[in-house]
Asks: 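I'd like to ask you about the structure that follows.
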Amino acid sequence: MKRFYITTPIYYVNARPHIGSAYTTVACDVLSRWHRMNGEDVFFLTGTDEHGEKVFKTAQQAGISPIEICNQNSARFEKSWDTLKISYNNFIRTTDIKHKQAVEAILNKLKAKDLIYLGEYKGLYCVPCERYYSVKELKKGKCPFHNKKPIALSENCYFLKISSFQDKLIKLIKKKDFLIEPIERRNEVLGFLTSNKLEDLAISREKVEWGIKIPWDNSHVVYVWIDALINYLSGIGWSGNFKKWPKYWPANIQLIGKDILRFHAVIWPAILLAINAPFPKKLYAHGFFTVNGQKMSKSLGNVIDPEKLATIFDTDALRWLLLGVFPFGQDGDISMSGFYDKYNNDLCNGIGNLLRRVTTLATKNNKKFIHPARVNSLFKQKINKTWKEYEENMNKLKFERVIKNINDFVGFLDKYIDKQKPWQVSIENKEYTKIIYNLLEGIRHLSWMICPFMPDKSNDIFESLGLLKEKGKTIKQGQTLFKNDFKKINKGKILFPKL
Ligand code: ME8
């Protein structure tokens, strides 16, 4: 069976889940469900990043221990992901003992290979980012992401010799053995790697208490980013065997936001090269969104809680809205008015209204619609074409285009009703049965199409078509054309009430 391993970043546990982390996680979930529908053996990993100075400070401010903060906030992430119907296979926490063992094993290996040495670091450190910045990288002396002045740090630390992997990495990216998408992000990484000499990386902190200790020197903890990246291996059960990688490794897709591209496109691959591990097949960095044109931040008070949104729109609809409002991979803007518009257009007046129209026509006189000998060839063409485009777009992570393909298909079905005017045809007439059969078959396909985005609404549609058995099928079985009978149709509930 084909395997598919997909990961989200692990989110900082000192913050609450917000619409940004929900965005990446929902995208991974849609892909996971799509690959499962295709009969693949999917492993979907997400989790929380629990060490470092930020967590320590948050705990101090709250007057509780760091692990208590981690337990509380990590549970919040799990709860939010449950609300959003995230079908993860494992939720990794970097405070898990197994993760610690994996980190220690890698550090010991790097040391044994003489790739680690003790030195002194002088630099500008941004605590919210948990990273050092060079003067060149700052914007007017401030962190480009947090708009805060970094602090000048000088401390002893261990360094990882990553410079020796620079040429190899450039080759791998150029040869597309390590795919970075979209193309702009690949160019960004190649531009960086070809015009800068990689500096050795500081991988420990001396004055930080909350972290995994360097195995041979307990006065240092592992730099939180090195600790965090290793989750992609420990999260699938790897705990230190360098001869046997877990069955799901390498990852098929590592999905991240573009803010953490360099860690995943340079540092993580350098570590993998150093330990001779296979590379993830694809790294995809999506864009960032603003809220009403503004950056989302605690100080502006515009951080959106996905659970609150889910109570307004319902979770399935929210998943659709998040991935449908702007192209994945590009930057965009979200707003409540934009969500309401899309909800009303695509869902309430689109899919919901279509389903109501068709089930109303189909439940007149309790008729059954048994698959006919003659089917509408235009329908056949449209369904096949829609699936073809859908699959291409889905496999390229062009979620908003998939959503457009679906909307377009809904428009086609609506137009078919308007043109055929079944209300002018007698129910007893064979033509009536044929029109409605075509429509029901179209809606059955529609229900499959929305399934990765809106799993429960998809089930509701199958239920009103009297086809609950569809749920147990793979997509290939579901995509067969005009083979189904519709014997127990019911109007069902209103799927998307007007808001
Ligand atoms: O960086 N638009 O965790 P984090 C789109 N722990 N996506 C957004 C977003 C926005 N406005 N805001 C956040 C970390 N994201 C590290 C990762 S991985 C080994 C360690 C998403 O909690 C996006 O996916 O700050 C981004 O990469 C991630 O949240 C950052 O999450």
Side-chain angles (χ1 to χ4, degrees), residues 6-29 45-55 58 70 73-74 76-77 80-81 84 86 91-95 99 102-103 106 126-131 143-146 185 211-212 222-236 251 253-269 271-272 280 283-298 300 302-306 322-323 325-335 397 399:
I6 183 164
T7 64
T8 70
I10 47 169
Y11 303 105
Y12 283 130
V13 81
N14 68 310
R16 306 262 170 109
H18 59 67
I19 199 74
S21 39
Y23 183 66
T24 320
T25 315
V26 167
C28 277
D29 189 62
L45 180 70
T46 188
T48 39
D49 187 354
E50 308 195 354
H51 290 126
E53 208 166 342
K54 272 197 283 192
V55 180
T58 312
C70 295
N73 287 2
S74 179
R76 282 205 182 102
F77 274 91
S80 288
W81 293 173
L84 292 179
I86 306 300
F91 188 101
I92 172 102
R93 297 183 53 188
T94 52
T95 47
H99 173 74
V103 173
I106 288 186
C126 170
V127 177
C129 288
E130 296 279 18
R131 63 165 281 197
C143 159
F145 288 102
H146 296 95
R185 302 282 90 85
I212 297 175
V222 180
Y223 173 42
V224 65
W225 263 101
I226 301 292
D227 166 353
L229 288 163
I230 294 170
N231 94 86
Y232 300 127
L233 278 171
S234 65
I236 42 172
I253 299 186
Q254 298 216 261
L255 195 66
I256 55 167
K258 66 173 191 179
D259 56 328
I260 52 177
L261 179 65
R262 214 162 293 165
F263 293 100
H264 287 81
V266 179
I267 297 177
W268 180 223
I271 296 173
L272 292 170
L283 174 68
Y284 192 101
H286 65 68
F288 248 52
F289 56 74
T290 44
V291 177
N292 292 316
Q294 276 186 317
K295 216 175 131 173
M296 214 173 22
S297 82
K298 259 195 204 163
L300 288 173
N302 62 350
V303 180
I304 304 178
D305 174 359
L322 272 178
L323 295 181
V325 281
F326 68 91
F328 202 70
Q330 291 175 24
D331 290 340
D333 185 53
I334 59 168
S335 65
L397 282 72
F399 302 110

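Numbering of ligands and ligand atoms starts at 1, following listing order. Computed from a prediction, not measured in an experiment: that's the story for all the values here.
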Asks: Output yes when a side-chain donor or acceptor of Thr94 lies under 3.5 Å from a complementary backbone atom of Glu50, and no otherwise.
Replies: yes
Asks: Heavy atom of Phe263 under 4.0 Å from ligand 1?
Replies: no
Asks: Can you tell if the side chain of Ser21 reaches within under 4.5 Å of the side chain of Trp81, non-hydrogen atoms only?
Replies: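 Ser21 reaches Trp81 side chain to side chain.
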Asks: Taking distance alone, with N or O pairs closer than 3.5 Å, would you say Pro9 contacts ligand 1?
Replies: no
Asks: What's the shortest heavy-atom distance between Leu261 and Ile256, and which atoms?
Replies: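 Closest approach of Leu261 to Ile256: CA-CD1, 3.7 Å.
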Asks: Atom 22 (O) of ligand 1: which of Tyr232, Tyr12, Trp268 has the nearest heavy atom?
Replies: Tyr12
Asks: Test Tyr23 against Phe326 for ring-ring contact (aromatic ring centres under 6.0 Å, His included), laying out the working first.
Replies: CA-CA 12 Å; Tyr23 183 66; Phe326 68 91; 5.7 Å; yes
Asks: Give a yes/no on ligand 1: does His286 have at least one heavy atom closer than 4.0 angstrom to it?
Replies: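 Contact present.
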Asks: Backbone or side chain, does any N or O of His264 fall under 3.5 Å from an N or O of ligand 1?
Replies: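 By distance alone, the answer is no.
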Asks: Once the angle between the rings of Tyr232 and Trp268 is folded into 0 to 90°, is it parallel (under 30°), tilted (30 to 60°) or perpendicular (over 60°)?
Replies: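 Correct class here is tilted.
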Asks: Got the closest protein heavy atom to atom 31 (O) of ligand 1, with its distance?
Replies: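 Sorting protein heavy atoms by distance from atom 31 (O) of ligand 1 puts Tyr11 CD2, 3.5 Å first.
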Asks: Considering only the protein, which heavy-atom contact is closest to atom 11 (N) of ligand 1, and what is its distance?
Replies: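 The protein heavy atom lying closest is Phe289 O, 3.1 Å.
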Asks: Please list, in number order, the atoms of ligand 1 under 4.0 Å from a heavy atom of Asp49.
Replies: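 Contacts of ligand 1 toward Asp49, numbered from 1: 6 (N), 16 (C), 20 (C).
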Asks: With Phe328 as reference, evaluate Phe289, Tyr284, Phe288 under the ring pair (Phe, Tyr, Trp, His ring centres under 6.0 Å) test and give the passing residue.
Replies: Tyr284
Asks: Just say parallel, tilted or perpendicular for the rings of Trp225 and Phe263, cut-offs at 30° and 60°.
Replies: parallel
Asks: Based purely on interatomic distance, does Tyr23 place a nitrogen or oxygen under 3.5 Å from a nitrogen or oxygen of ligand 1?
Replies: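 By distance alone, the answer is no.
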Asks: Do any nitrogen or oxygen atoms of Ile260 lie less than 3.5 angstrom from nitrogen or oxygen atoms of ligand 1?
Replies: no
Asks: Would you sort out whether Thr25 and Phe77 count as a side chain to side chain contact (heavy atoms under 4.5 Å, CB included), showing the intermediate values?
Replies: CA-CA 11 Å; Thr25 315; Phe77 274 91; over 6 Å; no
Asks: Determine yes or no for a side-chain-to-main-chain donor-acceptor pair under 3.5 angstrom, with Lys54 supplying the side chain and Pro128 the backbone.
Replies: yes
Asks: Would you please say whether a donor-acceptor pair under 3.5 Å links the side chains of Gln254 and Thr7?
Replies: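 Looking only at side-chain atoms, Thr7 and Gln254 do form a donor-acceptor pair, the distance falling under 3.5 Å.
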Asks: Any N or O of Ala228 that comes nearer than 3.5 Å to an N or O of ligand 1?
Replies: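 Ala228 vs ligand 1: no N/O contact under 3.5 Å.
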Asks: Going by the order shown, which atoms of ligand 1 are within less than 4.0 Å of some heavy atom of Thr24?
Replies: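 Within the 4.0 Å cut-off of Thr24, ligand 1 contributes 21 (C), 23 (C), 24 (O).
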Asks: Which one of His18, Arg16, Glu130 has a non-hydrogen atom at the shortest distance from atom 13 (C) of ligand 1?
Replies: His18
Asks: In terms of atom number and element, which parts of ligand 1 are under 4.0 angstrom from non-hydrogen atoms of Gly287?
Replies: 5 (C)
Asks: May I ask you to list the atoms of ligand 1 that are less than 4.0 angstrom from any heavy atom of Asp259?
Replies: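 What qualifies from ligand 1 is 26 (C), 27 (O), 30 (C).
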Asks: Please state which protein non-hydrogen atom is closest to atom 17 (C) of ligand 1 and give its distance, to 0.1 Å?
Replies: Ile10 O, 3.1 Å
